[in-house]
Amino acid sequence: MFYRETGQFKTSYQADMAVFPIRQDRIGLALILLAAFVVIPFFGSDFIISSVMIPFLVFSLAAIGLNILTGYTGLISLGTAAFMGVGAYACYKLTTFFPNINIIVLILVSGLFSAAVGVLFGLPSLRIKGFYLAVATLAAQFFLQWCFVRVPWLFNYNASGAIEVPQRTLFDIPITGALASPETRYFVCLGLVVVLTWFASNLLHGRIGRSWMAVRDMDIAAELMGIRLLNTKLLAFAVSSFYCGVAGAMMIFLWYGGGEAADVFSIRLSFNILFMVIIGGLGSLVGSFFGAAFLASLPTIMKFGLPAIGVPLAGATAEHVTFMLVGALIIFFLIVEPHGLARLWQIGKQKLRTWPFPY
Amino acid sequence: MRAPGTVAAGETLLAVENVSLRFGGVKAITDVSFDIRKGEIRAIIGPNGAGKTSMLNCINGFYYPQEGRITFKGETRRRMRPYVAASQGIARTFQNVALFKGMSTLDNIMAGRTLKMNRGFFWQLLRYGPAMAEEIEHRKVVEEIIDFLQIEHIRKVPVGKLPYGLQKRVELARALAMEPELLLLDEPMAGMNLEEKEDMCRFILDVNQQYGTTIALIEHDMGVVMDLSDRVVVLEYGRKIADGTPEAVKRDQRVIDAYLGVAH
């Protein structure tokens with residue numbers, strides 16, 4: 001009813017190639033951004049912001065990173081957490097060496113370190129595909145995680161082996177460390193995620209995105225059209241790891257505020273992000289957000305939401321029930337829509353466009 | 001004087017000399033030589049397993065022949081590389097449609113323009129200014145091809161959902177988007193009904209005449225081959241058994257034997 005493109009004529013290729021060619025989509029996006037930048041920080045409680053929204057943003061970014069690699073280029077990776085870890089440790093070392101450079105810049109630069117490591121572990125991807133590549137990236141996961149524990153230089157020879165996030169400021173407002181307010185951290189996360197999502201969307205809609213998808217769908221044809229497989233795959237590894245690295249740095253510096261990072265960046269996290277991408281929708285940016293929202297926020301919402309609506313559950317039981325429910329929901333969604341939540345979203349939009357007719 | 005690397009109409013565009021290709025003990029191609037002249041439609045025919053597709057794969061660098069040389073636009077190579085072949089102007093369609101199934105028709109054809117697009121990573125990040133201008137410029141070319149092949153109505157449809165005949169046409173469009181000098185068509189009419197075949201024949205002739213593209217095609221429908229092609233090369237068991245105009249090849253006793261079999 002409201003979602004109709006009738007009467008919206010495009011008169012230029014530019015208008016036709018816009019990321020959101022339908023006006024209602026643009027309005028929707030504006031409303032979401034308004035909610036994210038204004039409504040949530042001013043009306044959301046600290047708990048909502050720091051335990052729901054910040055994790056959601058961090059996981060979204062990591063899911064976008066993995067989606068670029070797995071969903072768009074067709075290379076399965078189980079090393080996501082390790083690449084996130086590289087970002088976190090790189091950021092820690094950088095801010096130790098260059099305490100005067102703004103931490104936001106350093107978070108982005110640490111993504112570059114992650115990208116370099118990603119390219120290194122992406123080299124075998126020219127020769128091996130599918131499950132074999134997944135195993136190769138698994139090697140990255142274990143090797144890097146081993147480094148995070150065994151190379152004390154990475155955590156500044158700290159006796160506990162933990163990263164201690166120092167206080168860093170922007171215009172004298174603390175944005176990392178114990179004094180940073182949840183709202184500030186949220187704004188930094190949101191800003192980074194919005195800008196990086198916009199970049200990812202641009203890449204994916206242009207020449208580079210098309211070559212990634214070409215390699216995913218039919219690598220032989222892509223090669224015979226002049227797309228160089230190695231370059232394209234390594235670029236996908238680089239960009240993907242960059243996103244994961246930034247997400248990892250954000251995770252430690254803006255969400256956890258320190259801790260034993262080696263435990264955080266474990267294979268469990270890699271799988272979690274892979275599930276987010278699969279449930280959200282392979283090869284869909286909006287799917288990355290859906291997947292992150294589903295897997296990152298659902299446990300929290302259930303854990304604290306169920307008591308709030310009057311279902312009395314005590315600590316440990318709540319956790320078990322949540323586990324079971326989330327697991328059941330994953331299976332349910334994969335059966336109902338194997339192409340992920342993004343496809344459901346698409347189908348819903350299509351139905352609205354043609355409503356009240358079935359086609 | 002011609003610029004180096006350009007070939008005038010009627011001259012040899014591609015020469016295959018004494019090419020042999022083996023997979024272990026299997027001889028796919030043995031000592032085959034033929035040429036393709038600029039502007040012609042050259043058919044490669046032969047019974048199943050004769051080495052026709054292997055020959056195309058050698059020409060665009062997907063297989064490396066153990067012996068022989070391939071000369072394209074005056075440059076002789078021991079072996080082609082896919083990237084070099086593509087950037088020098090050899091495009092290709094496949095026997096089993098090899099489209100990018102998850103992408104729309106438009107994106108598939110745009111992907112064919114990849115080599116012609118050169119705005120770097122950072123402009124691509126912004127998708128603004130020069131990068132957008134480039135997209136629009138290539139979109140115009142792509143729209144012309146879409147117009148030419150009459151596939152306007154399926155522009156935004158994911159190609160995986162298209163019927164087979166249209167997929168073949170989109171694949172031709174994708175190859176045309178590369179603005180090739182030499183277009184290799186591997187069974188462009190396989191599995192089509194009569195109407196679709198006639199459409200495809202018309203498109204191939206139009207491509208040849210309007211764009212001046214040289215075409216090498218593999219086809220099993222003899223009627224199509226005889227009507228379309230200027231010259232025909234016949235392979236059997238990886239060897240060349242005949243080469244010449246359709247009329248001459250049709251009368252060649254070895255070709256008749258190869259297709260109909262001989263009494264032993």
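Numbers restart at 1 for each chain; the letters A, B, ... are given by sequence-line order, proteins then strands. All values below come from the heavy atoms of this structure, side chains included, with hydrogens, waters and symmetry mates left out.
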Checklist outcome for this item: What one should report as the nearest heavy-atom pair of Arg92(B) and Leu224(A) is NH1-CD1, 4.1 Å

Next on the checklist: Once rounded to the nearest 0.5 Å, what's the spacing between atom CE of Met213(A) and atom OG of Ser104(B)?
Outcome noted: 8.5 Å

Next on the checklist: At a 4.5 Å cut-off on heavy atoms, which part of Ala200(A) comes close to chain B: side chain, backbone, both, or neither?
Outcome noted: neither

Checklist entry - Relative to chain B, which segment of Leu235(A) carries a heavy atom at a distance below 4.5 Å: side chain, backbone, both, or neither? => result side chain

Checklist entry - Would you say Tyr211(B) has more than 12 foreign heavy atoms packed within less than 6.0 Å of its OH? => result yes

Checklist outcome for this item: To the nearest 0.5 Å, atom CZ of Arg81(B) lies from atom CD of Glu223(A) at 10.5 Å

Checklist entry - Heavy-atom distance under 4.5 Å to chain A: side chain of Phe121(B), backbone, both or neither? => result both

Next on the checklist: Less than 4.5 Å apart, side chain to side chain, heavy atoms only: is that true for Met218(A) and Phe94(B)?
Outcome noted: no

Item to check | More than 12 heavy atoms from other groups under 6.0 Å of CZ on Arg26(A) | outcome: yes

Checklist entry - Does atom NZ of Lys101(B) have more than 12 heavy-atom neighbours from other groups under 6.0 Å away? => result yes

Checklist outcome for this item: One should read off an interatomic distance between Gln14(A) CD and Met132(B) CE, to the nearest 0.5 angstrom, of 4.5 Å

Next on the checklist: Counting only non-hydrogen atoms closer than 4.5 Å, does Val215(A) touch chain B with its backbone (N, CA, C, O), its side chain (CB onward), both, or neither?
Outcome noted: neither

Checklist outcome for this item: Value for CE (Met117(B)) from CD1 (Ile208(A)), rounded to nearest 0.5 Å, stands at 10.0 Å

Checklist outcome for this item: Closest non-hydrogen atoms of Phe100(B) and Ala221(A), given as atom of the first, atom of the second and distance, are CE2-CB, 4.0 Å

Item to check | chain B interface, residue from Gly283(A), Ala214(A), Gly206(A) that has the most non-hydrogen pairs under 4.5 Å | outcome: Ala214(A)

Checklist entry - So how far is it from His205(A) NE2 to Asp107(B) CG, rounded to the nearest 0.5 Å? => result 8.0 Å

Checklist entry - Should the heavy atoms of other residues, nucleotides or ligands under 6.0 Å from OH of Tyr64(B) be counted, would the total exceed 12? => result yes

Checklist outcome for this item: Okay, Ala91(B) and chain A: the region with an atom under 4.5 Å from a heavy atom over there is neither

Checklist entry - Between Thr114(B) and chain A, which part of the residue has a heavy atom less than 4.5 Å away: side chain, backbone, both or neither? => result both

Checklist entry - Are Phe199(A) and Leu126(B) close enough that some pair of their side-chain heavy atoms sits under 4.5 Å apart? => result yes

Next on the checklist: So for Ala98(B), is it side chain, backbone, both, or neither that comes closer than 4.5 Å to the heavy atoms of chain A?
Outcome noted: both

Checklist entry - What part of Lys140(B) gets closer than 4.5 Å to chain A, counting heavy atoms only: side chain, backbone, both or neither? => result both

Checklist entry - So does Phe131(A) have more than 12 non-hydrogen atoms from other groups sitting under 6.0 Å from CZ? => result no

Checklist outcome for this item: Distance col, row Arg207(A):CZ vs Glu135(B):CD, nearest 0.5 angstrom, shows 9.5 Å

Checklist outcome for this item: The interface call for Arg119(B) against chain A, heavy-atom contacts under 4.5 Å, is backbone

